[in-house]
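First the structure, in the form of structure tokens, and then the observations on it.
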Amino acid sequence: MNNFTHHHGDTAWVMTSTGLVYMMTPALACFYGGLVENRNFLNQLFLSFVCMAIIPMQWCLFGYSFTFGPGNSVFGSFEYAIGLKTGLITLYGENTDDFNPIEIPSLAFSAFQSSFAVITPALISGAVQDGFFSNQGWLHRMGVMDFAGGLVVHVSSGVSGLVAALILGSRAYFDPDVVNAGQSNLSYTVIGTGLLWVGWMGFNGGSALAATGIAALAIVNTNIAAGSSMIIWIILDITRSKSRGQNNINISIPGVCSAAVVGLVVITPCAGYIQPVYALLVGLIGGFVIYLFLAGKKRFFHIDDTLDVFSCHGLGGFIGTIMTGLFCQTDVNSGGNNGAFYGNPIQLGYQMFGILIITVYSIACTTAILLPMHFTIGIRISRLEQVRGLDNVAHGIIEIEKPQKNPQVKLVSMKQKLNHTNVSSIVPIEK
């Protein structure tokens, strides 16, 4: 057993952040669940929750080893498979990981990274792409900067979601010009948004892997970007309502919730590298661009990306990664590089190259997984099953609607009014 003293404060912070990030998966289930129709509500919750069962098992067996184990600059090895050197050698997991020398136990580091691996496929993607950005990853060595997963989580999941939407095709009843009237659980979306916001403080703050000023900076930037994105979205909603000549101001609840998530996404790659004033600007730019993109998507791009995964996460990750190449400073974080605004324009090129590599990798992997399944066992349900809903088709849920009686109101006749009586007649209102 190696004698190595771990920093207890850093360990406590990383373990707390692990819990916050794990909470984001059921929060994401609520967020997405409120945006789908009632007939698909439980299935949408299940798709997120099931990741919490599958991914930790996969992570223990080979995922962590493939991603962070000794190997080359692209893939790891089987040396850490089935938990070896991350807890099974010593009873309390206090062994030193020479490949990833940090001041927290290997098990704490593995658990934290596992929480990212869990939420990534819940956003439609794989988890092994973190290997590009481990200490030995070739993109990391090149100089591509991604503080907390803007590329490896959001760009990859957004691109994979777009590829999946293209392979599956549109739903039988998909019409981009019709407002989805089946979103009757929007309270879940609001609650999910709040929980995602709280969890994101562990997502970004915990990525510092230490209870330091960088973690505090990441948390502050996270809150500022989410807030500024939401504010610009509300302003655009108000402006749009006024431009259409509407008397009432129409602020979309799903839109405002998506705006908060967009702000959280765009700040993720640069949360620990930029000043708070730039976080404000990043949130404003991200919210403004994606709002306009979603408006244009309905008119020009009739792709059935049901929950706008590409628009919010993929495009948000693109924007945040580019902003990192512009605004990052070594004066803020000595572990990073200066950006284009601080005398290092090549950093912007590195960031764009990272976007290209992750995009190509995500397209290739998602296509390689889904196309063979599409042409063999089939992954698209029939039109009739779509109408029935996935709650019934996949889980056997049968909703029995209670017979509704016609509402009744009390009306006082004119004759009764003239007679100053208190007798009223009950008149049913037909639908």
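- Between the side chain of Asp10 and the main chain of Ile104, no donor-acceptor pair closer than 3.5 Å is present.
- Minimum interatomic distance between Leu35 and Pro254 (heavy atoms only, all atoms of both residues): CD2-CB, 3.8 Å.
- The closest donor-acceptor contact from the side chain of Trp13 to the backbone of Ala215 lies at 3.5 Å or more, if one exists at all.
- Looking only at distances, no side-chain donor or acceptor of Ser114 sits under 3.5 Å from a matching main-chain atom of Ser110.
- Atoms CZ and CD, on Phe341 and Gln347 in that order, are 13.5 Å from each other to the nearest 0.5 Å.
- Between the side chain of Asn204 and the backbone N or O of Thr222, no donor-acceptor pair lies under 3.5 Å.
- Within a 6.0 Å sphere centred on CZ of Phe288, heavy atoms belonging to other residues, nucleotides or ligands number 12 at most.
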What's the verdict on side chain to side chain contact (heavy atoms under 4.5 Å, CB included) for Arg388 and Arg39, showing C-alpha distance, side-chain angles and the deciding distance?
-> CA-CA 7 Å; Arg388 286 167 53 194; Arg39 55 189 167 188; over 6 Å; no
What do the steps show when you test Met15 against Phe112 for side chain to side chain contact (heavy atoms under 4.5 Å, CB included), and what is the final call?
-> CA-CA 7 Å; Met15 292 172 66; Phe112 180 66; over 6 Å; no
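- Without hydrogens or angle criteria, Gln44 side chain to Cys30 main chain gives no donor-acceptor distance under 3.5 Å.
- Phe310 is linked by a ring-ring contact (aromatic ring centres under 6.0 Å, His included) to nothing, counting only residues two or more places apart in sequence or in another chain.
- The nearest pair of heavy atoms linking Val152 to Asp146 is N-OD2, 3.4 Å.
- Checked by atom type and distance alone, the side chain of Asn221 pairs as donor or acceptor with a backbone atom of Ala271 at under 3.5 Å.
- Between Trp200 and Phe203 the shortest side-chain heavy-atom distance falls below 4.5 Å.
- Under the 4.5 Å side-chain criterion, counting only non-hydrogen atoms from C-beta, Val190 is in contact with Ile253.
- Here the side chain of Ser65 pairs no donor or acceptor atom with the backbone of Leu61 at under 3.5 angstrom.
- Here the closest heavy-atom approach between residue His154 and residue Gly317 is recorded as CB-CA, 4.4 Å.
- For the atom pair CG of Leu28 and CG of Leu196, the computed distance is 6.0 Å after rounding to the nearest 0.5 Å.
- Contacts of Tyr291 classified as ring-ring contact (aromatic ring centres under 6.0 Å, His included), with partners at least two apart in sequence or in another chain: Trp233.
- No more than 12 heavy-atom neighbours from other residues, nucleotides or ligands sit within 6.0 angstrom of CE on Met352.
- Not one N or O on the side chain of Ser229 forms a donor-acceptor pair closer than 3.5 Å with the backbone of Ala225.
- Closest approach of Gly283 to Val266, counting heavy atoms only: CA-CG2, 4.3 Å.
- The side-chain heavy atoms of Thr321 and Gln351, taken from C-beta on, include a pair separated by under 4.5 Å.
- To the nearest 0.5 Å, atom CD1 of residue Ile54 and atom CZ of residue Phe49 are 14.0 Å apart.
- The shortest side-chain heavy-atom distance between Tyr22 and Pro56 falls under the 4.5 Å cut-off.
- Note that CD1 of Ile231 and CD1 of Ile235 are 6.5 Å apart. Values are rounded to the nearest 0.5 Å.
- For the pair Cys257/Phe31, a side-chain contact is recorded, criterion being any heavy-atom separation below 4.5 Å from C-beta on.
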Report the C-alpha separation of Asn338 and Gln329 in whole Å, then their side-chain angles, then the decisive distance to 0.1 Å, and conclude whether the side-chain hydrogen bond (donor to acceptor under 3.5 Å, both in side chains) test is met.
-> CA-CA 4 Å; Asn338 281 324; Gln329 290 177 259; 5.7 Å; no
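- By the 4.5 Å heavy-atom criterion applied to side chains, Ser48 and Leu45 are not counted as neighbours.
- Asn333 contributes atom CG, which lies 8.5 Å from atom OG1 of Thr212 (distance to the nearest 0.5 angstrom).
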Side chain to side chain contact (heavy atoms under 4.5 Å, CB included) assessment of Val198 paired with Met23 = CA-CA 9 Å; Val198 174; Met23 181 191 70; 4.3 Å; yes
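- Checked by atom type and distance alone, the side chain of Ser243 pairs as donor or acceptor with a backbone atom of Arg240 at under 3.5 Å.
- Inter-residue side-chain proximity for Thr193 and Val256 is flagged as unmet; no heavy-atom pair is nearer than 4.5 Å.
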Begin with the C-alpha distance, continue with both residues' side-chain angles, and end with the deciding distance and a verdict on side chain to side chain contact (heavy atoms under 4.5 Å, CB included) for Asn223 and Met201.
-> CA-CA 8 Å; Asn223 287 310; Met201 298 183 204; 3.3 Å; yes
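- Taking every heavy atom of both residues into account, Thr330 and Gly336 meet most closely at CG2-O, 3.5 Å.
- Of the possible donor and acceptor atoms, none in the side chain of Thr366 sits under 3.5 Å from a partner among the backbone N and O of Ile363.
- A centroid separation of less than 6.0 Å is found between the aromatic rings of Phe41 and Tyr188.
- Gly320 approaches Pro269 most closely through the heavy-atom pair C-CG, 3.3 Å.
- Here the CZ-OG1 distance, from Phe147 to Thr268, works out to 10.0 Å after rounding to the nearest 0.5 Å.
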Begin with the C-alpha distance, continue with both residues' side-chain angles, and end with the deciding distance and a verdict on side-chain hydrogen bond (donor to acceptor under 3.5 Å, both in side chains) for Asn337 and Asn344.
-> CA-CA 8 Å; Asn337 303 318; Asn344 186 29; 5.7 Å; no
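- Looking at Val261 and His313, their side chains come closer than 4.5 Å, going by heavy atoms from C-beta outward.
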